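Chain letters run A, B, ... following the sequence lines, proteins first, then strands; residues in each count from 1. This structure is a prediction, so every number in the text was calculated from the model and none was measured.
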2 protein chains.
Amino acid sequence: MLKISKKSDYALMALQHIASVQFGDITPGRVVNTKEIAEEYNIPLELLAKVLQVLSKNGFIESHNGPKGGYLLARSARQITIAQILESIEGPLALTDCSHEKEGEFCMQREHCNIRTPLLKIQDSIYQLLNNMTLGDMLGGTPLITIQSPSTQGVER
Amino acid sequence: MLKISKKSDYALMALQHIASVQFGDITPGRVVNTKEIAEEYNIPLELLAKVLQVLSKNGFIESHNGPKGGYLLARSARQITIAQILESIEGPLALTDCSHEKEGEFCMQREHCNIRTPLLKIQDSIYQLLNNMTLGDMLGGTPLITIQSPSTQGVER
DNA sequence: ATGATCTCCGATCTAAATGGTCGGATAAAG
DNA sequence: CTTTATCCGACCATTTAGATCGGAGATCAT
């Protein structure tokens, strides 16, 4: 349950890879192309390409066309949160259909629904979790995930 | 993204309803049957029936056959966590396929996978979240969800 | 300029999961 | 022994995820 899609998996791997190449010691600033990532992680090329297009359209990476082309991180790895990445691929976080109900949609259970409020709270907490971890945190054997709270600093790993 | 299934929705509603009837002021200890719940919340009867069967098989509720039959909470609402309910309907919490990899399964990305560890951490945190909220918490306008962590006590939202 | 190598974009296919349905077996109350 | 309920398993339809294909438009090296 609560599985994220393969596309999201691929997006995370690709971004992590691009970031690590770009800010790594070996070839800093190097452009990374789709094929390289696909081969490294055994991801179907075309599917990965589509994922990267979305990421580029959403401003996470910038694309450079032509030979020697490829992708480059568009902003700092510390400014990209897991929540942002996942939402850009899979749409807004929503445990239940009614959490972002648009006009015209209708929830048959709504009138007597007894679980909406608590579920929204949980959803909120999950969002915080995902939005407090950045791509930067995923690089290296770095610090890592914490629960956001004024009173909790650096609960590591 | 991260949506829970309708079945889970129904399970939560049903359990909340059963619990609130059973421990409510009006008719404490009353048995609740499937049709009552289905009508109250506009849930397809047969589908709800199947969900309740699973919940009963998993020890959340006990079934009483025959006319005047129905369901009854099998243990205290405070001892039933949201995580338990969801897992009993949708299977174990797993952000990614590789989190509970069995023998014979194989992850093509595994050898160079760079996101497994951080994702497992997130998954863990989500699990804590879901496992710290009980059915009892969902009744009434009660206290509510906290983040479990040795160093974090009562971060309320 | 021309071909090679890329990104870009849209249409399409397949398989699996999900939501929902049906029919009948079994058990208990009246 | 009929009614009312749970139980159980098979089944179908729709949606979504995952993957594929074909080609158009940049860009760079030669």
Side-chain angles (χ1 to χ4, degrees), chain A residues 1-11 13-14 18 30-39 41-72 74 86 89-91 94-97 105 107-109, chain B residues 1-14 18 30-39 41-72 74 86 89-92 94-97 105 107-109:
Chain A
M1 85 194 224
L2 292 186
K3 213 179 306 188
I4 61 177
S5 71
K6 283 272 196 305
K7 284 186 190 175
S8 296
D9 270 346
Y10 298 158
M13 287 190 227
I18 293 172
R30 201 186 102 228
V31 169
V32 182
N33 70 25
T34 311
K35 195 196 282 185
E36 172 183 334
I37 302 176
E39 286 173 354
Y41 301 102
N42 288 299
I43 303 174
L45 182 67
E46 295 80 7
L47 188 51
L48 175 62
K50 209 193 284 187
V51 169
L52 290 176
Q53 287 160 28
V54 173
L55 291 176
S56 140
K57 187 177 294 177
N58 285 85
F60 295 104
I61 52 183
E62 56 185 45
S63 71
H64 290 268
N65 241 343
K68 302 276 182 184
Y71 292 99
L72 220 61
L86 294 183
I89 301 287
E90 301 193 43
L95 277 191
T96 166
D97 286 329
E105 295 188 75
C107 170
M108 283 288 90
Q109 285 78 41
Chain B
M1 85 197 225
L2 292 185
K3 211 179 308 187
I4 62 177
S5 70
K6 283 270 197 303
K7 284 186 191 176
S8 297
D9 270 346
Y10 298 158
L12 291 172
M13 287 189 227
I18 293 172
R30 202 186 100 227
V31 168
V32 182
N33 70 25
T34 311
K35 193 195 282 186
E36 172 183 334
I37 302 175
E39 284 173 355
Y41 301 102
N42 288 299
I43 303 175
L45 181 67
E46 294 82 5
L47 187 52
L48 176 63
K50 208 193 283 187
V51 169
L52 291 176
Q53 285 158 29
V54 173
L55 291 176
S56 138
K57 187 176 298 181
N58 286 82
F60 295 104
I61 52 184
E62 56 185 45
S63 70
H64 290 267
N65 240 344
K68 301 277 183 182
Y71 292 97
L72 219 63
L86 295 183
I89 302 288
E90 299 193 44
L95 278 190
T96 165
D97 285 329
E105 294 188 76
C107 171
M108 284 287 89
Q109 286 78 40

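- Partners of A/E46 by side chain to side chain donor-acceptor pair (under 3.5 Å), not counting sequence neighbours: none found.
- Non-hydrogen atoms lying under 4.0 Å from DNA chain C are contributed by nothing in residues 53-61 of chain B.
- The side chain to side chain contact (heavy atoms under 4.5 Å, CB included) check on A/N42 picks up B/M108, B/Q109, B/E111, with sequence neighbours excluded.
- For B/L52 and D/dG9, the CG to C1' distance is 17 Å, given to the nearest whole Å.
- Straight-line distance from the CG atom of B/L45 to the P atom of D/dC8: 16 Å, rounded to whole Å.
- Minimum heavy-atom separation, B/Y71 to B/I18: CB-CD1, 4.0 Å.
- Spacing between atom CD of B/E46 and atom P of D/dC12 amounts to 16 Å, rounded to whole angstrom units.
- The side chain to side chain contact (heavy atoms under 4.5 Å, CB included) search around B/P67 returns none, not counting sequence neighbours.
- Under the rule for a salt bridge (charged side-chain N to carboxylate O under 4.0 Å, His left out), A/K50 has no partner lying at least two apart in sequence or in another chain.
- Across every non-hydrogen atom of B/A74 and B/G59, the tightest pair is CB-O, 3.5 Å.
- Two residues are said to be in side-chain contact when any heavy atoms from C-beta on lie closer than 4.5 Å; B/L2 and B/L95 meet this criterion.
- For DNA chain C, the span of nucleotides reached by chain A at under 4.0 Å from its heavy atoms goes, 5' to 3', from C/dT5 to C/dA11.
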Could you go over nucleotides 15-19 of chain D and give all protein N or O partners under 3.5 Å, atom names and distances?
residue : atom : partner : partner atom : Å
D/dG18  : OP1  : A/K6    : N            : 2.8
D/dG18  : OP2  : A/K6    : N            : 3.1
D/dA19  : OP2  : A/Y10   : OH           : 3.1
D/dA19  : N6   : A/K50   : NZ           : 3.3

Cut-off 3.5 Å, no hydrogens considered: what does the side-chain donor-acceptor table look like for residues 4-14 of chain B, sequence neighbours left out?
residue : atom : partner : partner atom : Å
B/S5    : OG   : B/S8    : N            : 3.3
B/S5    : OG   : B/S8    : OG           : 3.3
B/S5    : OG   : B/E90   : OE2          : 3.4
B/K6    : NZ   : A/D97   : OD2          : 2.5
B/S8    : OG   : B/E90   : OE2          : 2.4

Can you give each donor-acceptor pair under 3.5 Å made by side-chain atoms of residues 32-39 of chain B, sequence neighbours left out, with the distance rounded to 0.1 Å?
residue : atom : partner : partner atom : Å
B/N33   : OD1  : B/K35   : N            : 3.3
B/N33   : OD1  : B/E36   : N            : 2.9
B/E36   : OE1  : B/R30   : NH2          : 2.6
B/E36   : OE2  : B/H17   : NE2          : 3.1
B/E36   : OE2  : B/R30   : NH2          : 2.6

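- Note that the CD atom of B/Q53 and the CD1 atom of B/I61 stand 9.5 Å from one another [nearest 0.5 Å].
- The side-chain heavy atoms of A/L55 and A/L52, taken from C-beta on, include a pair separated by under 4.5 Å.
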Contact list (N/O, under 3.5 angstrom) for nucleotides 28-30 of chain D vs protein:
none

